[in-house]
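All chains are named by letter (A, B, ...) in the order of the sequence lines, taking the proteins before the strands, and each is independently numbered beginning at 1.
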Amino acid sequence: MLMLLLVIITLYPFLYVLAVSLNDPFDAVKGGITIFPRKFSWVNYKEIVSYPNILHATMITVLRTVIGTITSVLSTAMVAYVLSRKDFLARKIVTALFIITMYVDGGMVPNYLLIRSLGLMNNFWVYILPGMISAFNIILIRSFIDEIPDDVEESAMIDGANDLLIFFRIILPLCLPVLATVTLFSAVGNWNSWFDTYLYCGGNEKLSTLQYELQKILSNASASSTLDYYSNLDPNRTMRVTPQSLRMAMTVIVTLPIVCVYPFVQKYFIKGMTLGAVKS
Amino acid sequence: MILPFLVWLIIFRYIPLWGWIMAFQDYKIGKPIFQQEWVWFKNFIDMFQDPEFYKVMKNTIAMSLMGLFFGFPLPIILAILINEVKNNVYKRVVQTISYLPHFVSWVIVASLISSMLSPDGVMNMILKNLHIIKEPILFLGEPKYFWWVVTFSDIWKELGWNSIIFLAAITSINPELYEAATVDGAGRLKKIWHITIPGIMPTVVLILIMTIGNIINIGFEKQFLLRTAAVRDVSDVLDLYILQYGIGTFRFSFGTAAGLFKSVISLTLLFTANWISKKTTGYRVV
């Protein structure tokens, strides 16, 4: 009973937003929509897709998610592998150096100045480089690699495989469950982030992301200014949608990929999380 | 093989630590860090004399404590409840749905919350139909509600997710203990009280220590995204203060000092909680 309530409380906002976004904007103003659209219409989505900025932002978001996730998972796994090798002399100290970063970081201002001095302001790579390696994920992957018997590596080495070959051909395939978890975390993180866009590329439309576009719509608190912002290209547009309906449609667009992918990867991350929790 | 990653580590994680020196200087852009003017503790003194600072500290601590008080026990209760469900399909569905909000961004959550709490949103509708209120409440427009909105948005988003770790702890309890209890005639509640709860205690203490260590790192996303002009006074938190002064007005040294202050507090809290826990319960994190 209690849990049914929890399910309803969790799902209701999503369904409500979906319903409003699919409803005729001016009909929606009357209120009373619950989880089904009353007057079905695609107009909100047509409206959003017709803004050139949105398509570009989608492209940037997808590009960032794909490149960011691949580089992050590969490099984190590589570091985890090196740190798992007992013949790596500086193993303890390098591990410690990575772990420390979980507890202390320079803070917002030094990071900002660093990004500035590296020339990463208004640069696509600011989405990829700073978050490339995660100490937490290193621990997760490493504890998985430690489970792999050393014999597997040794026999490969006798067969003449070098470190890189062992990593790509043996370690990576054996780590698939934990890599799936880390990939999910990293992809979601990339897809969801908006603050780096705000802080480092705020004025640059060429690097805007979907989350940032949604944030802009939200932060224009007064209703009319939202519409002004999105209708300054063509004043006639104001006639067809309302700020509320536009916001809902945008919310759905940004949420949809996550809701679609999530059920399929669920079983992996639960396994991965449980593993990490029991180990550490 | 690891060399490029070490370079990365030094650049992106250790150079910013080096930047802490700025907190004791009057940093001006364009000069190397050792040719900057040293002012020692002036930035900290300025900060402690700024009434604005006490306001943001009050907001930060208030929202953190509310989050701890309401947000900490709920995931434990949820994990115990989920564990009691015997129907596997139902269990799965509940879990899947309760984890979902964790995976959407705060931007989306802010959008959902603000539509739920709007004057014609579902919250006002329910309250009206129950005849608790006559006029719709402007939840996001009134300072007295803001802390509650933030706290419960956070619970809505993370409740299911935070329960995972406790569920994992429950599953690792030895099933024989339950069997023995059944033989002794213990009911469901007795089993929860005498086996489940003591069984997950180490995990509970561990998570509590880490939560306390993070109490000042409440973040700024929810506050930044949920606030409106009307609630500015109660929504500004330490990180927003740093953002606003440190970067917004180019007082880099001042912002760094505030950030350093935050790090020191959070490490102190972490070690204190850890030490107390070690003395009293024997569990520790670091």
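- Counting all heavy atoms, side chain and backbone alike, B:Ser235 lies closest to B:Phe146 at CB-CE2, 3.3 Å.
- Considering only heavy-atom pairs separated by less than 4.5 Å from chain A, the leading option among B:Ser111, B:Ser263, B:Ser114, B:Gly213 is B:Ser111.
- For B:Leu225, the part lying under 4.5 angstrom from a heavy atom of chain A is the side chain only.
- Looking only at heavy-atom pairs under 4.5 Å with chain B, the residue among A:Val259, A:Ile115, A:Val188 that has the most is A:Val188.
- Among A:Asn111, A:Asp105, A:Leu97, the residue with the largest count of heavy-atom pairs under 4.5 Å with chain B is A:Leu97.
- Residue contact with chain B, scored on non-hydrogen atoms closer than 4.5 Å, involves the side chain of A:Leu83 exclusively.
- At a cut-off of 3.5 Å, with distance as the only test, no side-chain donor of A:Thr76 or A:Ser134 sits close to an acceptor on the other residue.
- Note that the CD1 atom of A:Ile9 and the CE atom of A:Met3 stand 13.0 Å from one another [nearest 0.5 Å].
- Residue with the most contacts toward chain A among B:Leu81, B:Val93, B:Ile113, B:Leu167: B:Leu81 (heavy-atom pairs, distance under 4.5 Å).
- By number of non-hydrogen pairs under 4.5 angstrom with chain A, the leading residue of B:Phe220, B:Trp106, B:Tyr27 is B:Phe220.
- Cation-pi geometry between B:Arg92 and B:Tyr90 is not met: the NZ or CZ atom fails to fall both under 6.0 Å from the ring centre and inside 45° of the normal.
- At least one side-chain heavy atom of A:Met102 sits less than 4.5 Å from a side-chain heavy atom of A:Ile139.
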Inset, instruction - Take A:Arg64 and A:Asp196 through the salt bridge (Lys or Arg N to Asp or Glu O under 4.0 Å) test and state the conclusion after the steps. - result: CA-CA 12 Å; A:Arg64 166 197 181 145; A:Asp196 46 9; 2.9 Å; yes
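- Contacts from residues 152-160 of chain B to chain A, taken as heavy-atom pairs separated by less than 4.5 Å, involve B:Trp156, B:Leu159 in sequence order.
- Ranked by heavy-atom pairs under 4.5 Å with chain B, the first of A:Leu164, A:Leu129, A:Val94 is A:Leu129.
- When each of A:Pro110, A:Ser117, A:Gly131 is scored by its heavy-atom pairs under 4.5 Å with chain B, the top score falls to A:Pro110.
- Both the backbone and the side chain of A:Met132 come within contact range of chain B, with heavy atoms under 4.5 Å apart.
- Comparing B:Leu6, B:Ile2, B:Ile82, B:Asn217 by heavy-atom pairs within less than 4.5 Å of chain A, the highest count is held by B:Ile2.
- Distance CE/B:Met210 to CG/B:Asn274: 11.0 Å, rounded to 0.5 Å.
- Looking only at side-chain heavy atoms (C-beta outward), A:Glu213 and A:Met250 come within less than 4.5 Å of each other.
- Heavy-atom contacts from other residues, nucleotides or ligands closer than 6.0 Å to CE of B:Met125 number more than 12.
- The main-chain N or O of A:Ser21 is found under 3.5 Å from a side-chain atom of A:Asn44 such that the two form a donor-acceptor pair.
- Using a 4.5 Å cut-off between heavy atoms, B:Leu17 contacts chain A through both its backbone and its side chain.
- Ranked by heavy-atom pairs under 4.5 Å with chain A, the list B:Leu260, B:Asn214, B:Leu267, B:Ile97 is led by B:Ile97.
- The closest side-chain heavy-atom distance from A:Gln211 to A:Trp191 is below 4.5 Å.
- Only the side chain of A:Leu184 has a heavy atom closer than 4.5 Å to any heavy atom of chain B.
- Ranked by heavy-atom pairs under 4.5 Å with chain B, the first of A:Ile133, A:Val104, A:Leu118, A:Val7 is A:Ile133.
- Here B:Lys91 pairs with nothing under the salt bridge (charged side-chain N to carboxylate O under 4.0 Å, His left out) rule; sequence neighbours left out.
- The choice from B:Leu78, B:Thr96, B:Ile11 that makes the most heavy-atom pairs within less than 4.5 Å of chain A is B:Thr96.
- Around atom NZ of A:Lys92, no more than 12 heavy atoms belonging to other residues, nucleotides or ligands sit under 6.0 Å away.
- Residue contact with chain B, scored on non-hydrogen atoms closer than 4.5 Å, involves the side chain of A:Phe167 exclusively.
- The contact between A:Val254 and chain B is made by backbone and side chain atoms together, counting heavy-atom distances below 4.5 Å.
- Considering B:Val237, B:Val149, B:Val231 in turn, B:Val237 is the only one that fulfils the side chain to side chain contact (heavy atoms under 4.5 Å, CB included) rule with B:Gln223.
- Put simply, the side chain of B:Thr249 does not reach to within 4.5 Å of the side chain of B:Phe254, judged on heavy atoms.
- When A:Phe88, A:Tyr81, A:Tyr112 are compared by the number of non-hydrogen pairs under 4.5 Å with chain B, A:Tyr112 comes out ahead.
- Contact of B:Val122 with chain A is made through the side chain alone, with heavy-atom distances under 4.5 Å.
- For A:Leu120, the part lying under 4.5 angstrom from a heavy atom of chain B is the side chain only.
- The environment of OH in B:Tyr14 is crowded: more than 12 heavy-atom neighbours from other residues, nucleotides or ligands sit within 6.0 Å.
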